[in-house]
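Here is the structure we will look at, set down as structure tokens.
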Amino acid sequence: MFFLTPTRIHREQIELAGNNHYRFMSVCRDKREFYQKIKGLDDIYTIWDQTINKMVYCNSRQFANKALEELTVLSVDLETVGLLYMQTKRILLIPVAWQVNGEISKRLFSIDEYDSERDMLVDFLAFLKELGPQVMVGHNLFGFDLPYFKNRFEELMIPHDWIFDNERRRDRMFRVDGGLATDYRGVDIPNVEIVDTLFLVKKSDIKKEFTTYKLKSICKQLGINQGRQNYDASTIADNWHIPEEREKIKAYAEDDALDALHLYNKYIPPFYHILNFIPMNLQEIINKASGGQINTMFVCKYLSENHSIPKADKIPHFEGGISKAFAGVYRDCMGFDVISMYPSIIVNCEVRPKKDELGYLAEVTQELKELRLHHKGNFKKTGDITSNHIQESLKIIINSFYGFLGTNGLNFNSYKEASQITEEGRKIITSAVNWSISKGFNPVQIDTDGFIVEGAKFEDQESLVSELNELFPDGVDFESDPIEDKLTGVVMSKAKNYAKVDINGKVSIKGNSFKSASKEIALKEMCEVMLKSMLGLIDEEPTSVYERYVLEAHDIKDINRWTSKTTYTPAVQNVTEDGRLQERKKKKATEGLNLSSGDKFFTYI
């Protein structure tokens with residue numbers, strides 16, 4: 001493992017070129033030597049993950065020259081009785097499905113085929129060792145299945161080589177770009193990458209298409225495994241002893257493992273191809289935010305050139321992109337968007353932070369933009385699916401370059417340049433909107449890298465895009481999709497909260513005002529129906545829709561439709577008698593329940 005210091009601490013250190021903060025590198029044979037040498041040092045830079053540390057130092061890439069379909073992938077699920085705090089807890093079923101070169105096989109470990117739960121788990125671990133998968137997948141693995149495995153291994157005293165984060169270690173963070181993060185307890189299995197499809201889908205759902213991230217809801221929305229066995233999981237414990245019900249339960253469990261494998265296959269390709277460019281392992285590519293990944297890419301590049309590494313700056317607040325909306329109902333609208341706006345600004349303005357002494361930012365942005373265009377063009381020309389996956393992975397990387405400049409804790413961050421980029425972006429969008437107003441169009445929404453106007457004729461779309469692009473230098477290009485950006489109707493509530501329908505009748509509803517997971521099912525349903533009414537897609541008037549749901553709320557037949565999902569947070573757990581009313585009500589509702597911080601529960605308040 002390596003670490004860097006600003007001054008020489010022993011003569012064996014390697015002096016790095018340049019004037020950045022960390023100019024001396026130590027390379028240790030093992031973790032023991034590493035911890036001995038850093039003892040007492042208060043200003044070092046290192047990568048604490050041993051696997052990634054080695055990959056950065058060696059400038060290596062995981063699964064290099066290995067096609068995605070060549071990996072052995074194992075999907076795992078659990079069907080259990082009892083929660084972890086219950087004395088009656090045990091695992092009933094471990095359904096697994098695995099694939100090699102596109103061929104899918106499956107197996108079911110069932111407690112009724114063993115003398116004990118312990119024997120079943122020992123057999124499962126033996127199977128895992130014999131199969132030797134490079135990837136293990138499952139839905140909510142980190143939140144449920146892996147902690148359950150940990151508990152059963154410990155209570156049943158089963159030897160294993162899985163490494164679970166202990167209770168004293170700070171929780172790891174699953175990060176989605178945009179500041180969203182979820183705590184989880186990490187697990188490392190030797191030579192196996194763990195991909196939680198809950199995390200994978202959340203990270204892939206950029207357009208927020210899913211109303212819930214439950215496995216079956218996602219698969220139903222995607223049309224995956226529609227012929228699967230369905231079963232009410234809450235009745236498994238009561239029905240397990242009934243032979244005909246047990247067979248249904250087993251089929252249900254097997255389909256859960258297959259569902260997770262199907263989600264992995266659908267969403268993993270772009271993230272897998274990111275491995276070609278960033279020296280990190282697949283598990284961390286999924287679990288960490290892209291800013292940290294780009295920073296790791298830069299560190300690797302600099303160390304490969306024997307160049308010093310800068311220290312992270314504290315980033316103050318700075319003005320971001322434009323986000324405005326003009327509430328109302330609009331007809332015949334058109335959208336315009338800048339293609340990769342922030343990366344284009346980085347290249348066009350030759351953005352170069354002082355600490356980027358090698359000028360890597362603009363250079364690599366341009367290289368990856370050109371590479372993406374090559375693969376995107378090849379996909380359109382030939383239909384080659386690998387080219388599409390590569391261009392999607394490059395899009396993720398390229399669009400992250402601006403974000404990492406403005407993120408605290410990253411070595412190559414830079415307030416000045418992050419602020420410069422957003423300022424230039426605001427100028428571009430403001431100029432474009434002013435152009436649209438001069439054309440007699442009515443702005444509906446103005447966003448970071450695009451805008452929607454009312455009044456533009458659909459048949460003029462191509463000429464309008466050409467005219468707009470004449471206002472800007474090469475490399476700053478607007479586009480307008482011939483289908484998705486021709487909108488027959490838009491309902492605008494506030495910034496980033498709207499509904500729209502394109503010329504093909506596809507409806508998109510965005511924003512937490514309408515789709516927040518914490519909202520009641522009936523309320524979200526009412527919002528959707530009312531929006532469709534305002535878009536002219538159904539005959540019922542919005543007032544009639546509203547009155548219908550008000551009547552239901554006054555005579556509730558199904559309480560589940562009017563409950564909202566809530567997280568058991570420290571604010572709820574520790575609220576005092578004079579605290580916020582909502583927290584006090586939630587605490588009262590959870591009295592007698594054995595809940596831990598982060599647990600979900602449903603309330604009707």
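Worth knowing before you read on, the calculation uses all heavy atoms, side chains too, and leaves out hydrogens, waters and symmetry mates. If you're wondering where the values come from, they're calculated on a predicted model, not measured in any experiment. Residue numbers count from 1 along this sequence.
- Formation of a donor-acceptor pair under 3.5 Å by the Ser290 side chain with backbone atoms of Gln293 is not found in this model.
- The aromatic rings of Tyr302 and Phe298 lie parallel to each other, with less than 30° between the two planes, well short of the 60° mark.
- Ring centers of Tyr498 and Phe514: at least 6.0 Å apart, outside the cut-off.
- For Gln283 (side chain) and Ile194 (main-chain N/O), a donor-acceptor pair under 3.5 Å exists by modelled atom type.
- Among Glu520, Lys519, Lys524, the one residue that satisfies the side-chain contact (heavy atoms from CB on, under 4.5 Å) test with Ser564 is Glu520.
- In plain terms, the two heavy atoms of Asn399 and Pro343 that are nearest each other are OD1-CG, 3.8 Å.
- Judged purely by distance below 3.5 Å, without hydrogens or angles, the side chains of Asn287 and Tyr184 pair a donor atom with an acceptor atom.
- Using modelled atom types, one finds a donor on one side chain and an acceptor on the other under 3.5 Å when comparing Asp123 with Tyr114.
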Inset, instruction - Would you sort out whether Lys220 and Asp259 count as a salt bridge (Lys or Arg N to Asp or Glu O under 4.0 Å), showing the intermediate values? - result: CA-CA 10 Å; Lys220 182 179 179 180; Asp259 282 351; over 6 Å; no

Inset, instruction - Please test Arg561 against Glu525 for salt bridge (Lys or Arg N to Asp or Glu O under 4.0 Å), starting from the C-alpha separation and ending with a verdict. - result: CA-CA 10 Å; Arg561 284 173 50 77; Glu525 186 182 282; 3.0 Å; yes

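- The local environment of CD in Glu130 is sparse, with at most 12 non-hydrogen atoms from other residues, nucleotides or ligands closer than 6.0 Å.
- Without hydrogens or angle criteria, Asp30 side chain to Arg32 main chain gives a donor-acceptor distance under 3.5 Å.
- Looking at Ser304, its side chain does come within 3.5 Å of a backbone N or O of Lys301 through a donor-acceptor pair.
- Under the 3.5 Å distance criterion, with hydrogens and angles disregarded, a donor-acceptor pair is assigned to the side chains of Asp232 and Ser234.
- Judged purely by distance below 3.5 Å, without hydrogens or angles, the side chains of Gln99 and Asn265 pair a donor atom with an acceptor atom.
- Ring orientation note: the planes of Phe144 and Tyr148 are tilted relative to one another, at an angle of 30° to 60°.
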Inset, instruction - Kindly determine whether Asp256 and Arg228 satisfy salt bridge (Lys or Arg N to Asp or Glu O under 4.0 Å), including the steps that lead there. - result: CA-CA 9 Å; Asp256 274 1; Arg228 63 157 294 144; 2.9 Å; yes

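- Classification of the Tyr45-Phe2 ring pair by plane angle, with boundaries at 30° and 60°, yields tilted.
- Looking only at distances, a side-chain donor or acceptor of Gln134 sits under 3.5 Å from a matching main-chain atom of Thr72.
- Around atom CD of Glu103, no more than 12 heavy atoms belonging to other residues, nucleotides or ligands sit under 6.0 Å away.
- The aromatic rings of Phe109 and Phe124 sit perpendicular to each other, their planes meeting at more than 60°, with 30° as the lower class boundary.
- Formation of a donor-acceptor pair under 3.5 Å by the Asp188 side chain with backbone atoms of Ile163 is not found in this model.
- What you find for Leu71 and Tyr272 is that their closest heavy atoms are CD1-CE1, 3.6 Å.
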Inset, instruction - Under the side chain to side chain donor-acceptor pair (under 3.5 Å) rule, what do Tyr213 and Asp205 come out as? Steps first, then yes or no, please. - result: CA-CA 10 Å; Tyr213 291 110; Asp205 188 24; 2.8 Å; yes

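- No donor-acceptor distance shorter than 3.5 angstrom exists from the side chain of Asp449 to the backbone of Asp337, with no hydrogens or angles considered.
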Inset, instruction - Could you give me the CA-CA distance, side-chain angles and deciding distance for Lys89 and Glu155, then say whether salt bridge (Lys or Arg N to Asp or Glu O under 4.0 Å) is met? - result: CA-CA 11 Å; Lys89 60 183 175 291; Glu155 287 203 3; 3.1 Å; yes

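- Environment of CG in Asn191: sparse, with no more than 12 heavy atoms of neighbouring residues, nucleotides or ligands closer than 6.0 Å.
- Residues forming a salt bridge (Lys or Arg N to Asp or Glu O under 4.0 Å) with Arg90 (at least two apart in sequence, or on another chain): none.
- In this model, a donor atom of one side chain and an acceptor atom of the other lie less than 3.5 Å apart for Glu193 and Asn281.
- Among the candidates Ile47, Asn295, Val56, the single residue satisfying the side-chain contact (heavy atoms from CB on, under 4.5 Å) test with Cys300 is Val56.
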Legend entry - Derivation of the ring pair (Phe, Tyr, Trp, His ring centres under 6.0 Å) call for Phe199 and Phe142: CA-CA 9 Å; Phe199 290 180; Phe142 288 111; 5.7 Å; yes

Inset, instruction - Apply the test side chain to side chain donor-acceptor pair (under 3.5 Å) to residues Asn53 and Gln50: give CA-CA distance (whole Å), side-chain angles for both, the deciding distance (0.1 Å), then the verdict. - result: CA-CA 5 Å; Asn53 187 297; Gln50 191 171 0; over 6 Å; no

Legend entry - Tyr252/Lys216 under side chain to side chain donor-acceptor pair (under 3.5 Å): CA gap, chis, key distance, verdict: CA-CA 11 Å; Tyr252 165 82; Lys216 294 163 196 64; 3.3 Å; yes

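- The neighbour count for Asp115 CG, taken as heavy atoms of other residues, nucleotides or ligands under 6.0 Å away, does not exceed 12.
- Around atom NZ of Lys510, more than 12 heavy atoms belonging to other residues, nucleotides or ligands sit under 6.0 Å away.
- Centroid-to-centroid, the aromatic rings of Phe127 and Trp98 come within less than 6.0 Å.
- Using modelled atom types, one finds a donor on one side chain and an acceptor on the other under 3.5 Å when comparing Glu245 with Tyr231.
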